[in-house]
Amino acid sequence: MYRHLERRLAQHIRDFLRRMYSLEVDRVVIEQPPNVQFGEYALPLAFELAKKLRKAPRKIAEEIVSGIGVIEGFEKFEVAGAGYINARVNRAALALAVAKGEEPGTEVPSGKILVEHSSINPNKAAHIGHLRNAILGDTFVRLLQYAGRKVDVQNYIDNTGVQVADVVVGFQHIDRKSLSDVEQLTKRPRFDYYCWDLYARASQWYEQDPENKKIRLKTLHELERGGNETAALAETISTAVLRRHLETMDRLDIEYDFLPRESEILHLHFWDAAFQKLKDAGVLYFENEGRNKGCWVMRRAGTGKPLTAEQAEEKNESAEKNVSEADKSVSEEDQKVIVRSNGTVGYVGKDIAYHMWKYGLLGKDFGYRKFFLYPNQHQCWISAEQGESEHPHFGDVSEIYNVIDARQSEAQNTVIEALRGLGYNPQADHYTHFSYEMVALTPRCAAELGYELSEDERARSYIEVSGRRGFGVKADDLIDKLIASAQKEVDSRHAELNGSEREKIARQIAVGALRYFMLKYTKQSVIAFDFKDALSFEGETGPYAQYAVVRASNIFRKGGMDADAFAKELGSKISADELAKFLAGKDNDELWDLWLAASKTAYIVDQCIATTEPAYLAKHVFQLAQLFNTFYHRHPILAEGDEQKKKFLLATAGVVRRELIRALAVMGIESPPAM
RNA sequence: GGGCGCGUAGCUCAAACGGAUAGAGCAUCAGAUUUCUAAUCUGAGGGUUGCAGGUUCGAUUCCUGCCGCGCCUACCA
């Protein structure tokens with residue numbers, strides 16, 4: 001409801017400015033006052049207008065306040081400080097609307113959105129860095145779905161790259177395993193852990209003898225070509241590891257719709273189709289000299305002179321030859337090799353083709369096979385050269401979000417520039433690199449894990465994980481630890497519950513702790529991972545919020561009432577006048593703050609989507625839980641003597657409980673029945 | 001060298017297009033439970049927002065320079 005009122009206010013202000021001053025503003029800035037005593041919305045509008053209107057801000061603010069008139073849902077407007085306009089809403093009306101629990105809808109664009117996340121090399125166990133990616137991606141999917149968007153979730157599988165090749169080399173040349181040996185190994189639990197170690201061993205093995213590196217290159221070529229024994233072994237390994245990744249992510253309630261694989265991008269000749277278009281459009285050109293002689297190259301993103309909007313327009317209007325001349329002058333440094341001199345295509349090229357497919361611009365499609373059926377019957381599909389005849393339709397989307405770490409931003413931008421160069425500007429504009437920073441280990445954590453550190457590394461605040469060194473925290477290990485720790489607590493607190501109930505709760509708490517931990521940091525901050533913080537269930541954590549829900553639930557259980565029904569039917573239980581009385585005035589600001597926070601779910605979700613920043617939701621959930629815990633402490637609800645007051649307090653608990661459950665669900669966190 | 005990003009309390013992090021007194025958690029210290037379970041709550045201490053300029057009514061936020069740190073800068077993916 002908070003969002004709904006904000007939009008209504010913005011619209012009225014726009015109309016008013018047009019009427020009163022003949023001013024058109026595209027965006028009315030509406031802030032949240034630092035304290036609820038100032039009201040629910042704050043407009044710094046008068047400061048902005050001061051220059052345009054050549055009047056003192058305070059004077060303008062007074063004019064607006066006296067002229068704005070009646071706006072439904074708002075009680076009054078006040079001028080504060082040097083010219084702030086503070087808006088006060090009708091508290092009872094807002095509370096009643098919130099209690100009903102139905103957010104007035106907004107227009108939802110019809111197009112489908114594709115979110116790509118996880119994309120873990122299928123050659124070793126997933127680690128905490130992959131967890132951050134998957135949790136960010138999955139949460140963003142849930143945010144979009146909450147906002148009413150249709151979303152396809154894809155997990156790109158690089159099954160023909162060097163990382164898979166390294167493990168293949170490990171099996172063939174270090175451990176000397178046959179295909180059937182490996183097939184047996186894949187049936188053992190956590191085959192991906194075996195590969196984790198083997199990958200690290202293979203990386204060392206390359207250092208021992210330059211000849212070994214030649215084997216690696218040969219293996220890589222065999223994988224890319226396909227149709228040979230090495231490729232068959234790679235297929236067995238990467239498919240088994242991929243299944244493990246899906247299982248790991250499913251422990252966190254993360255699911256995918258489709259798994260496009262690089263092998264199909266190669267074998268279905270996606271690149272050939274893209275290559276032709278890129279050459280025709282002049283995006284790619286052949287280099288005749290220097291370091292990149294014999295390669296097809298394009299300008300690396302971010303190396304051109306930055307163009308302003310006007311310059312870009314001029315450029316479009318000016319003669320074509322200027323453009324190509326400018327492109328030809330790209331220095332070697334600024335060139336990105338797309339096709340190597342031996343004719344093979346690099347990963348950026350494949351990525352360009354893949355993204356043309358996403359937008360339905362390639363004129364080719366994958367084959368589709370059923371791959372993984374989740375316990376909830378959701379079917380996950382995988383790409384295939386020859387697919388099944390009946391399959392859902394993927395691709396042809398109108399917006400793309402790629403959850404890929406910040407280190408790849410240049411490559412991502414190069415793909416966007418290629419689309420632009422092909423003339424697909426709207427598609428390029430709706431291509432979002434959802435960039436986030438890595439998860440690193442604190443030196444203390446690395447030491448705990450028994451890794452030897454150089455003096456240099458010990459002095460740093462964090463150390464990057466490294467698959468090649470086998471250096472990192474495996475996802476399943478962390479999840480196991482969290483579950484064990486939660487299980488211990490649940491067992492000691494709830495002897496009355498049976499084993500499977502306790503197990504389920506422990507899992508919910510573990511998932512809540514982990515997902516919250518990965519979401520509470522803003523994307524651009526490197527997470528310096530530490531077991532102490534990650535395993536905490538106290539303070540700013542998922543379990544803290546889950547516990548608030550349990551406390552609310554307990555009130556209703558003890559009172560023999562249905563929490564949701566109680567909240568929803570507030571209007572028939574208490575008159576509007578009485579409700580107003582309970583919420584009015586300074587004495588009740590603290591209660592009102594709680595209601596106001598509970599009204600913000602849709603507003604926060606919008607903010608998260610607009611900024612591709614799920615951390616705002618995590619902060620909001622924590623604040624709401626914190627306000628509730630204070631409320632819980634101050635008001636022994638069931639002991640309340642005044643019947644009307646008691647109903648009001650119950651409704652408060654019911655509404656907050658419902659909104660907490662909702663918001664947690666958007667973060668992929670379940671609310672346990674007991675803790 | 002070039003590109004991107006970061007620097008805020010002892011530690012880990014917030015601060016939505018520039019806005020009202022820079023906020024949380026952890027840690028430390030002092031308190032709270034015959035009550036709807038303390039995985040909780042109340043309070044205290046802790047800050048020249050890396051440094052120096054600039055723009056502005058107003059800067060943690062924008063601009064310039066400097067210092068420190070990270071990532072990218074492969075005919076790897």
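Proteins come first, then strands; the chains are lettered A, B, ... in the order of their sequence lines, and each starts at number 1.
- Residue-level contact check: S409(A) touches neither bases nor backbone, having no heavy atom under 4.0 Å from any strand.
- In this structure, the nucleotide among C71(B), A20(B), U40(B) sitting nearest to the side chain of E464(A) is C71(B).
- Between the CZ atom of F628(A) and the P atom of A39(B) there is a distance of 15 Å, rounded to whole Å.
- Using a 4.0 Å heavy-atom cutoff across all strands shown, K600(A) reaches no nucleic acid atom at all.
- Taking atom P in both C71(B) and A30(B), the straight-line distance is 42 Å, to the nearest Å.
- Nucleotides A74(B) and G2(B) are separated by 15 Å at their P atoms, to the nearest Å.
- Across all strands shown, G346(A) has heavy atoms under 4.0 Å from sugar-phosphate atoms exclusively, and none from any base.
- The aromatic ring centroids of Y462(A) and F529(A) lie 6.0 Å or more from each other.
- For the pair K520(A) and F622(A), the cation-pi test (distance below 6.0 Å, angle within 45°) is failed.
- Within 3.5 Å, a donor on the side chain of Y347(A) pairs with an acceptor on the base of A77(B), or the reverse.
- No N or O donor and acceptor, one from the side chain of S525(A) and one from the base of C13(B), sit under 3.5 Å apart.
- Residue Q408(A) places its side chain closer to A77(B) than to any other of A20(B), U73(B), A77(B).
- Residue L220(A) is classed as having no contact, given no heavy-atom separation below 4.0 Å to the nucleic acid.
- Heavy atoms of F47(A) sit under 4.0 angstrom from at least one base atom.
- The phosphate of C76(B) has neither OP1 nor OP2 within less than 4.0 Å of any side-chain N or O from Y206(A).
- Here V164(A) lies out of heavy-atom contact (under 4.0 Å) with every strand.
- H433(A) comes within 4.0 angstrom of nothing in the nucleic acid, heavy atoms only.
- Taking atom P in both C6(B) and G50(B), one finds a spacing of 12 Å when rounded to whole Å.
- Comparing A20(B), C6(B), C71(B) by their nearest atom to the side chain of Q524(A) picks out C6(B).
- Ranked by how close their nearest RNA chain B nucleotide is to the 5' end, A674(A) and T344(A) are led by A674(A).
- U8(B) and G47(B) have their P atoms separated by 14 Å, with the value rounded to a whole Å.
- In the set C71(B), G25(B), C13(B), the nucleotide with an atom closest to the side chain of A528(A) is C13(B).
- Here CD of Q546(A) is found 9.0 Å from CD of E670(A). Values are rounded to the nearest 0.5 Å.
- Distance noted for atom C1' between C41(B) and C17(B): 38 Å (whole Å).
- At a threshold of 4.0 angstrom between heavy atoms, the contacts of A42(A) include nucleobase atoms, whether or not backbone atoms are also involved.
- When the nucleotides A74(B), G25(B), U40(B) are ranked by their closest atom to the side chain of R300(A), A74(B) comes out on top.
- Counting any heavy atom pair closer than 4.0 Å across all strands shown, Q626(A) reaches sugar-phosphate atoms only and no base atom.
- The pair D530(A)-K532(A) does not count as a salt bridge, with every side-chain nitrogen at least 4.0 angstrom from each carboxylate oxygen.
- With distances taken from any side-chain atom of R291(A) to the nucleotides C41(B), A74(B), C36(B), the minimum falls on A74(B).
- Distance noted for atom C1' between G46(B) and U34(B): 37 Å (whole Å).
- We find that CZ of F537(A) is positioned 21 Å from P of U37(B), with the value rounded to whole Å.
- L45(A) comes within 4.0 angstrom of nothing in the nucleic acid, heavy atoms only.
- Nearest nucleotide to the side chain of R407(A), out of C41(B), C71(B), U37(B): C71(B).
- Side chain of Y547(A), nearest nucleotide from U73(B), A24(B), U37(B): U37(B).
- Within the nucleic acid shown, Q163(A) has no heavy atom closer than 4.0 Å to any nucleic acid atom.
- Residue-to-nucleotide proximity on RNA chain B shows that, of L43(A) and Y616(A), the 5′-proximal contact is made by Y616(A).
- Counting atom types as modelled, Q32(A) pairs a side-chain N or O with a base atom of A16(B) as donor and acceptor under 3.5 Å.
- At the heavy-atom level, Q623(A) lies nowhere under 4.0 Å from the strands shown.
- Between C26(B) and S536(A), no contact under 4.0 Å exists linking OP1 or OP2 to a side-chain N or O.
- The side chain of R340(A) approaches C76(B) more closely than any other nucleotide in the set A20(B), A38(B), C76(B).
- Counting distance only, with no hydrogens placed and no angle test, the side-chain atoms of H633(A) and the base atoms of U35(B) include no donor-acceptor pair under 3.5 Å.
- Considering only side-chain atoms of N554(A), the nucleotide from C36(B), A77(B), C6(B) that sits closest is C36(B).
- In the interface, the side chain of D351(A) is not paired with the base of A77(B) through any donor and acceptor atom under 3.5 Å apart.
- Heavy atoms of N413(A) sit nowhere under 4.0 angstrom from any nucleic acid atom.
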